[in-house]
Amino acid sequence: MQKVDFTLKGIRADEMSFKLNAARPQNGTKMELKPTFSRKVRRAVENEKLCFITLTVKIEKTEDSPKPFDLNVTFTGVFESSAETEEERRAVVVAGTAVLYPYLRAAVTTLTTTALAAPVVLPVVSGPLFPEDREKPEGIVS
């Protein structure tokens, strides 16, 4: 992965929601939370050096998979970089995601704790969060 210098200019919480559901585990079984993650990347029209990375984590009930609560946390980070090539821009997105994830992780734990639910602690991620960010060895085509 290309290395590029970038600066975090700011972080904002766009949404933090928690809704208790009536679902309860049956006969001592555990419900799997299975959080889903998504990311949106935007560039500023007036300043190509600015990049907005939005990370979202959701835990939502479905008919097939009841959950004790619905949770939605979305954070946006504003990054400035001197990236010029597509590879450098991609490196900023991957590195920016790694910078934002701990904030998202802490917000999920804080939100669930504040709601007097069992604290949800997302795992520590030591590499890229999204599969598409993981580099493929040279010569491997998928």
Side-chain angles (χ1 to χ4, degrees), residues 1-26 29-142:
M1 176 67 56
Q2 179 86 21
K3 186 173 169 127
V4 64
D5 290 330
F6 67 97
T7 305
L8 174 64
K9 296 304 225 178
I11 298 175
R12 69 174 185 246
D14 298 315
E15 180 174 352
M16 293 179 68
S17 65
F18 180 94
K19 180 183 170 228
L20 196 59
N21 295 326
R24 298 285 177 252
Q26 302 294 339
T29 60
K30 286 190 170 194
M31 290 185 183
E32 287 191 62
L33 295 181
K34 292 186 180 178
T36 58
F37 296 90
S38 62
R39 173 179 60 197
K40 187 182 344 178
V41 179
R42 299 181 327 265
R43 301 232 174 258
V45 176
E46 66 282 354
N47 183 353
E48 283 209 16
K49 291 184 176 195
L50 290 181
C51 171
F52 300 86
I53 301 173
T54 301
L55 291 183
T56 299
V57 60
K58 290 183 180 184
I59 298 172
E60 297 177 305
K61 70 176 180 176
T62 63
E63 258 185 56
D64 300 337
S65 180
K67 305 283 191 267
F69 56 83
D70 289 340
L71 176 136
N72 185 355
V73 176
T74 302
F75 273 34
T76 297
V78 181
F79 297 89
E80 184 175 42
S81 77
S82 58
E84 294 178 2
T85 68
E86 215 35 60
E87 187 178 351
E88 289 174 333
R89 287 185 183 107
R90 182 172 174 261
V92 169
V93 170
V94 173
T97 300
V99 168
L100 281 178
Y101 179 72
Y103 292 96
L104 188 75
R105 186 174 177 266
V108 167
T109 302
T110 301
L111 184 60
T112 53
T113 302
T114 303
L116 302 177
V120 173
V121 180
L122 297 175
V124 172
V125 177
S126 61
L129 180 63
F130 294 96
E132 62 268 22
D133 293 344
R134 299 183 188 116
E135 281 193 288
K136 296 178 184 111
E138 290 295 317
I140 301 292
V141 178
S142 56

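When reading the values below, keep in mind they use all heavy atoms of this one structure, side chains included, and skip hydrogens, waters and symmetry mates.
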### Message
Checking Glu48 now: which residues fulfil salt bridge (charged side-chain N to carboxylate O under 4.0 Å, His left out) with it, not counting sequence neighbours?
### Response
Arg89

Show which side-chain atoms of residues 58-65 pair as donor or acceptor with protein atoms under 3.5 Å away, not counting sequence neighbours.
from, atom 1, to, atom 2, distance (Å)
Thr62, OG1, Ser65, N, 2.9
Ser65, OG, Lys67, NZ, 2.4

### Query
Can you name the side-chain contact (heavy atoms from CB on, under 4.5 Å) partners of Ser126, sequence neighbours left out?
none

### Message
Does Val120 form a side chain to side chain contact (heavy atoms under 4.5 Å, CB included) with Leu71? I'd like the steps, not just the answer.
### Response
CA-CA 10 Å; Val120 173; Leu71 176 136; 5.8 Å; no

### Message
Looking at every non-hydrogen atom in both residues, tell me the closest pair between Ala107 and Val73 and how far apart they are.
### Response
CB-CG1, 4.0 Å

### Query
Would a line drawn from the ring center of Phe37 to the ring center of Phe130 be shorter than 6.0 Å?
no

### Query
What closest approach, in Å, do Asp133 and Val94 show between heavy atoms, and which atom pair accounts for it?
CG-CG2, 3.5 Å

### Query
Looking only at heavy atoms, which two atoms of Val99 and Pro102 are closest? And how far apart?
O-CD, 3.3 Å

### Task
Can you see which heavy atom on Val92 is nearest to which on Ala83, and at what distance?
CG2-CB, 4.1 Å

### Pairs involving residues 75-84, ordered by first then second residue, that meet side chain to side chain donor-acceptor pair (under 3.5 Å) (sequence neighbours left out)
Lys9-Glu80, Asp14-Thr76, Thr54-Thr76

## Note on the structure
Residues Ile53 and Gly96: closest non-hydrogen pair is CD1-CA, 3.9 Å

### Message
Tell me which pairs pass side chain to side chain donor-acceptor pair (under 3.5 Å) where either residue lies in residues 93-118, with sequence neighbours left out.
### Response
Arg39-Thr97

### Message
Holding to side-chain contact (heavy atoms from CB on, under 4.5 Å), I want the full list of residues that pass it with Glu15, two or more places apart in sequence or in another chain.
### Response
Ser17, Asn72, Thr74

### Query
Who passes ring-ring contact (aromatic ring centres under 6.0 Å, His included) against Phe52, sequence neighbours left out?
none

### Message
Looking at Asp70, I want to see if its CG is surrounded by more than 12 non-hydrogen atoms of other residues, nucleotides or ligands under 6.0 Å.
### Response
yes

### Query
Could you give all pairs that pass the ring-ring contact (aromatic ring centres under 6.0 Å, His included) test and reach residues 73-93, with sequence neighbours left out?
Phe6-Phe79

